[in-house]
Protein chains: 2
Amino acid sequence: MSLTQLRYFVAVAEEGSVSRAARRCFVSQPPMSRQLRALEDELSARLFARTPSGMTLSSEGARFLAHARRILQLVDEAPAVVRPD
Amino acid sequence: MSLTQLRYFVAVAEEGSVSRAARRCFVSQPPMSRQLRALEDELSARLFARTPSGMTLSSEGARFLAHARRILQLVDEAPAVVRPD
DNA sequence: TCCGTTTACGGGGGACGTAAAGATA
DNA sequence: TATCTTTACGTCCCCCGTAAACGGA
């Protein structure tokens, strides 16, 4: 699991589409799709249901979305934490 | 910032030495030292004071240690989050 | 047939390991 | 001088981008 995978996952969950999420993340679709698959494989969980109209979160995916957001928020707060008094 | 960097950072903070932390993480010293430096550069903060006897946390480093542990704990909890009901 | 996702394949960047150099008590 | 950290350098692996193929309404 990597922070990049978490960011991709959140973007896809919010956009409902790999292609839109890829544009938002300034990356092309294939790498994003691969990272999503790799994340699902590592977690042994299907986070999305694939449909021709896009990606919809599974129940596991919905739980994981909140978790991923917490992690990314902490990461974003890191600079403030180390800022000198 | 990467999860690997956070794991290295926590290991060094706990071991007080890059060489011991490297053994614990099954990596050699140079990569670990590089990752620590890269993390410090990215955060624009000196997390450790280097001494011949090892590494000691700075005040910023001490604050960041708690933060890094929270992040890594959430990451470790990910499998449980996605486990089906 | 069309939209979106997924694989193939070639190229580039980053991380590691060994070995040597630097720094401090 | 002895210990620990840091750089040099070569190698390998992983990720990305383009292009083509697959799959469902």
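Residue numbering restarts at 1 for every chain, and letters A, B, ... go by the order of the sequence lines. Below, each value reflects all heavy atoms present in this structure, side chains not excepted, and no hydrogens, waters or symmetry copies.
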| message | If the threshold is 4.0 Å, N to carboxylate O, is there a salt bridge linking A:Glu60 and A:Arg46? | response | no
| said: I'd like to know if A:Arg50 pairs up with A:Glu40 as an ion pair, taking the criterion as any Lys NZ or Arg NE/NH1/NH2 lying under 4.0 Å from an Asp or Glu carboxylate oxygen. | reply: yes
| remark: The side chain to side chain contact (heavy atoms under 4.5 Å, CB included) partner of A:Phe9 among A:Leu57, A:Leu72, A:Thr4 is A:Leu57
| Taking the side chain as C-beta and beyond, is there a heavy-atom pair between B:Val81 and A:Leu43 under 4.5 Å? | no
| remark: Hits for side-chain contact (heavy atoms from CB on, under 4.5 Å) against A:Gln5, two or more places apart or cross-chain, chain-then-number order -> A:Met1, A:Ser2, A:Gln35, A:Ala38, A:Leu39, A:Glu42
| message | Any side-chain N or O of A:Ser17 below 4.0 angstrom from OP1/OP2 of C:dG4? | response | no
| request: Spell out protein contact along nucleotides 14-25 of chain C as letters: B when the base is contacted, S when just the sugar-phosphate is, - when no protein heavy atom is under 4.0 Å; keep the 5' to 3' order. | output: -SBBBB----SS
| query | Hey, mind stepping through B:Glu14 and B:Arg7 against salt bridge (charged side-chain N to carboxylate O under 4.0 Å, His left out) and telling me if it holds? | reply | CA-CA 11 Å; B:Glu14 292 178 353; B:Arg7 285 189 237 274; over 6 Å; no
| task | Provide the start and end nucleotides, 5' to 3', of the part of DNA chain D that has atoms under 4.0 Å from heavy atoms of chain A. | result | D:dC15 to D:dG24
| message | Would you say that A:Pro79 contacts A:Arg83 through its side chain, given a criterion of any heavy-atom pair below 4.5 Å between the two side chains? | response | yes
| field | Validation row: A:Glu77, A:Leu74 side chains within 4.5 angstrom (heavy atoms) | value | yes
